[in-house]
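Working notes, beginning with the structure itself.
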Amino acid sequence: MSSSQSPVRYNFRETESKWQKAWDERGTFRAKMDRAKPKYYVLEMFPYPSGRIHMGHVRNYTQGDVVARYRRARGFNVLHPMGWDAFGLPAENAAMQMKVHPKKWTYENIATMKGQLKSMGLSLDWSREVATCDPSYYRHQQKMFLDFWQAGLAYRKEAWVNWDPVDNTVLANEQVIDGKGWRTGATVERRKLSQWNLKITHYAEELLSRLESMPRWPEKVRLMQANWIGRSEGARVFFALTGEGAEPGETLEIFTTRPDTLFGASFMAISPDHPLAARLAKDDAALAAFIAECRKTGTSAAEIETAEKKGYRTRLSVKHIVKDGETLPVYVANFVLMEYGTGAIFGCPAHDQRDLDFVRKYGLPVIPVVLPKDADPRSFTIGAEAFVEDGTIYNSAFLNGLSVPDAKRAIIRHLEDKGQGKGTVQYRLRDWLVSRQRYWGCPIPAIHCDACGVVPVPAKDLPVTLPDDVEFDTPGNPLDRHPTWNHVACPSCGKPARRETDTFDTFIDSSWYFDRFTSPGVESAPFDREENHYWMPVDQYIGGVEHAILHLLYSRFWTRAMREVRMTGRDEPFDGLFTQGMVCHETYRAADNTWLFPDEIKRLDGGAVVRASDSSPVTVGRSEKMSKSKKNVVDPDQIIRDYGADTARWFMLSDSPPERDLEWTEAGVSGAWRFQQRLYRLLSEAIGGGVSAAKANGAFSDAAMTLRRAAHKAAAGISADIEAFHFNKAVARLYELANAIEGFKATTDSDRAALAETLDIFVRLIAPMTPHLAEELWTLLGRDGLVADAPWPTPDAALLADEAVTVAVQVNGKLRATLKLAKDTPKEKAEAAALAEADVIKAMAGKPAKKIVVVPNRIVNVVV
RNA sequence: GCCCCCAUGGCGGAAUUGGUAGACGCGGCAGACUCAAAAUCUGUUGCCCGCGAGGGCGUGUUGGUUCGAGUCCGACUGGGGGCACCA
């Protein structure tokens, strides 16, 4: 298309880079502490520098940017920083596959992605940029770890890990697929290693109970965290061991949530990992074999589901705790977890399905002790299903007749009186294992000395930096085989010692970066206390729901750990949280069943989809989350090049509610693009009519008043929408206002003044969403300065209310007419007007009104 | 298996929280401009019956509460998410 045919055309390429430069040069988005203004900290989850940004980032950062720009316009002192979650496994994989050093790879990716983010026109304060792989960042993390260690929040523990014997490394649970290493395919072994743990369980109760006072977090996330923490009330009970192999006076401690069913016990079961099992296995080869067998069982969901309940009858028994003279057999059972409770349980088959399955297999007795409501105690029996609901206790001596909750209280009191147990609260939450046998992570600042044990690196020797001269041609952690780095003198005795070669879980890096952003330049501390106190907590945090548990829970823990060592007085890092939905796209498969990229296909006129290269048929699959493996991805760079950042941003905000998944479509993008062009045309034509200089002389016409009302209503509505994260509704209101502007024909100076007022409001309203276009239009309107610095429009309350309202008239609940009435017309008048309507009279068919319901300004319902 | 969420035109989604269902956008249809196409503009567009005026139906299914239900309650169906032998 030649430019002569299109006199008004918005050149986004020139315009977008022009305004990005202007913001940059003026330092528009630099944040400075200013106590005169209310602060607002907007943060989007920082990206892993994988190479290029993807559409998920575009969506996430667009949403955050709308909030940041809106708050700025509302007069808040906004902090909106960005950084890089820069440590992690992909860098090491790149090193192995492409022979690039992880550091080089990471920093090159950061440079690329920073350029991409800048092209989006985000209102970020880049002067605060941090990368977690930088020693100036992680040194503080090492220091905090030492402080936590000293405070008793970090400790070493032997733990079972997934060991890949080919890579010589530990694998996370999700890296084990069907019992094999995800990379090597080697059968994963379980090994016991001494690992660093952080005591997140110390805060289990607080992390749980505080969720209730976090109203600006999604209910869903709070629920997921609550389930993850998994509080359950119950009792620990001490059973006296008897039989061959029991030490005199030895007890077996179990945890149960159903102490009320103790009279129904028929066996005891301990975990294969229980110390007692190990002791018995020493002189019981069959038991040793059974334990080995249990360890082999995989951790995958399918295996757990199908795993049969198995047990091994040991020589031991226990004395029944409430039935004198009786004993219960002790089994080692594959379904008992060492990590939960005490690693030992008592089995009551009548009231626990798992125990029932077990007992049916080994022929043990089933003794019902809870009677369902209305059941007959003489005939009630347990069949294939355990009875797990509330009922009346029977067959249980002094508990008989009580309800389940009452019986729990009674038996716990009884056990506590006799010193045989006590009521406790148990959590599913485990401590946070933070050791990783990897190179590209933050070194754990510890030294292993044969004489002194594990010794902290002295604070003056921090940071412990990663050595650059490492090789990735052999599997395993290159730090382990480094010729010099791991040799160090023991800080305590001075003798030769070894450095810890494990590095931290990268979730630590992201557990405090938001604190660092408050004062990223400080060297002597993780952050400046005053700055941190001013900016924190994060007022609005935005990111993917996939971080609902781990990242958010770890950050909440880290904040408490910092509180413990008196670095802050804060409990919670994030005041408001929003979890955005994914970006999806249709999937395409060629005839040979391979995936195709969206730009490899072509749509024919009839709607059929074919491969662009050879017109072979293509199967269109359902829309799924964009992923490289299915090739249903669209490159943000390309979109920004072809359509501009504002189009991409506008599309991300239109139609789909931000918390739901968004379907990326070519039609949607071009619709967004057309609107940008239309706006530019519309406003430049209106401004060309000499609008900006117009002054109102005399009263506004009805049409002008309607337009002004529309503008002021839009301002009020969009403010509410942005604050409630209803960006799609805000977009709809902007379309409506644009339509109103387009339909308005200014003929008088008053009209032109009304139009100028509306355009002025309009441009400020679109500024958070399409900031480049807004700046351009702002200049076109003849306004000085940046729209980014302009205040948000304040709606005139007098223009928000209509003087006439449309009232619906129903007869027996069915709509029969509408009435145009003055606002707040009294009930009697509205009723009379409704009854006078011809359609209403017809619908009433001569019958008298039995009742008339009038809701002022809304509805009149005549019941006949 | 347990816990949680969701279901509205051809499509994405609105609906002041119990008061005119379908805002706004996409797509479709008709028209204008054009030699033609693209772009743009105008009109129209929930479904069914009817030439028409008009009428009927309609928020996954079903039952209930209410003058009035997309919205509240019960049951069911379908889709999505979280947890996974948690004693």
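Lettering of chains follows the sequences in order, A, B, ..., and the numbering in each one begins at 1.
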Heavy atoms only, 4.0 Å cut-off, all strands: where does [X] land among base, sugar-phosphate and nothing?
{"X": "A:S656", "value": "sugar-phosphate"}
{"X": "A:V855", "value": "base"}
{"X": "A:L223", "value": "sugar-phosphate"}
{"X": "A:Y735", "value": "sugar-phosphate"}
{"X": "A:E663", "value": "nothing"}
{"X": "A:K814", "value": "sugar-phosphate"}
{"X": "A:K729", "value": "sugar-phosphate"}
{"X": "A:R430", "value": "base"}
{"X": "A:N739", "value": "sugar-phosphate"}
{"X": "A:S670", "value": "nothing"}
{"X": "A:V336", "value": "base"}
{"X": "A:N861", "value": "base"}
{"X": "A:R660", "value": "sugar-phosphate"}

- First of A:V853 and A:D355 reached from the 5' end of RNA chain B, by closest nucleotide: A:V853
- Message: Return whichever of A:G671 or A:N227 has its heavy-atom-nearest nucleotide of RNA chain B closer to the 5' end.
- Response: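 Nearest nucleotide further toward 5': that of A:N227.
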Complementary nucleotide for [N] - Watson-Crick or wobble, under 3.5 Å:
{"N": "B:rA23", "answer": "none"}
{"N": "B:rA69", "answer": "none"}
{"N": "B:rC2", "answer": "B:rG82"}
{"N": "B:rU61", "answer": "B:rA75"}
{"N": "B:rC29", "answer": "B:rG43"}
{"N": "B:rA38", "answer": "none"}

Please check the phosphate of [N] (OP1 and OP2 only) for any side-chain N or O of [X] closer than 4.0 Å.
{"X": "A:R674", "N": "B:rU40", "value": "yes"}
{"X": "A:K842", "N": "B:rG55", "value": "yes"}
{"X": "A:S654", "N": "B:rC26", "value": "no"}
{"X": "A:Y340", "N": "B:rA87", "value": "yes"}
{"X": "A:R858", "N": "B:rU16", "value": "no"}
{"X": "A:N728", "N": "B:rA14", "value": "yes"}

- Task: Determine the Euclidean distance between corresponding P atoms of B:rA37 and B:rU45; express it in Å to zero decimal places.
- Result: 26 Å
- Where does the angle between the aromatic ring planes of A:W664 and A:F651 fall among parallel (under 30°), tilted (30 to 60°) and perpendicular (over 60°)? perpendicular
- Message: Using ring centroids (six-membered ring only for Trp), state whether A:F358 and A:Y331 fall under 6.0 Å.
- Response: yes
- Aromatic contact, A:W228 with A:Y554 (centres under 6.0 Å): no
From C-beta outward on [X], which listed nucleotide comes closest to its side chain: [options]?
{"X": "A:T256", "options": "B:rC24, B:rC67, B:rA87", "answer": "B:rA87"}
{"X": "A:L337", "options": "B:rG25, B:rU20, B:rA87", "answer": "B:rA87"}
{"X": "A:K309", "options": "B:rC86, B:rC85, B:rC67", "answer": "B:rC85"}
{"X": "A:W228", "options": "B:rA84, B:rC24, B:rC67", "answer": "B:rA84"}
{"X": "A:T257", "options": "B:rC86, B:rA87, B:rA14", "answer": "B:rA87"}
{"X": "A:A732", "options": "B:rC67, B:rC41, B:rC24", "answer": "B:rC24"}

- side chain to side chain contact (heavy atoms under 4.5 Å, CB included), paired with A:F267, selected from A:V330, A:L328, A:D355, A:V318: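 Output: one option passes, namely A:D355.
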- Query: Hey, are A:R733 and A:E736 close enough for a salt bridge, meaning a charged N less than 4.0 Å from a carboxylate O?
  - Reply: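 Salt bridge between A:R733 and A:E736, a charged N being under 4.0 Å from a carboxylate O: no.
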- Task: Return yes if a side-chain donor-acceptor contact under 3.5 Å exists between A:T201 and A:D431, otherwise no.
- Result: yes
- Message: With a sphere of 6.0 Å drawn around NZ of A:K422, does it hold more than 12 non-hydrogen atoms of other residues, nucleotides or ligands?
- Response: no
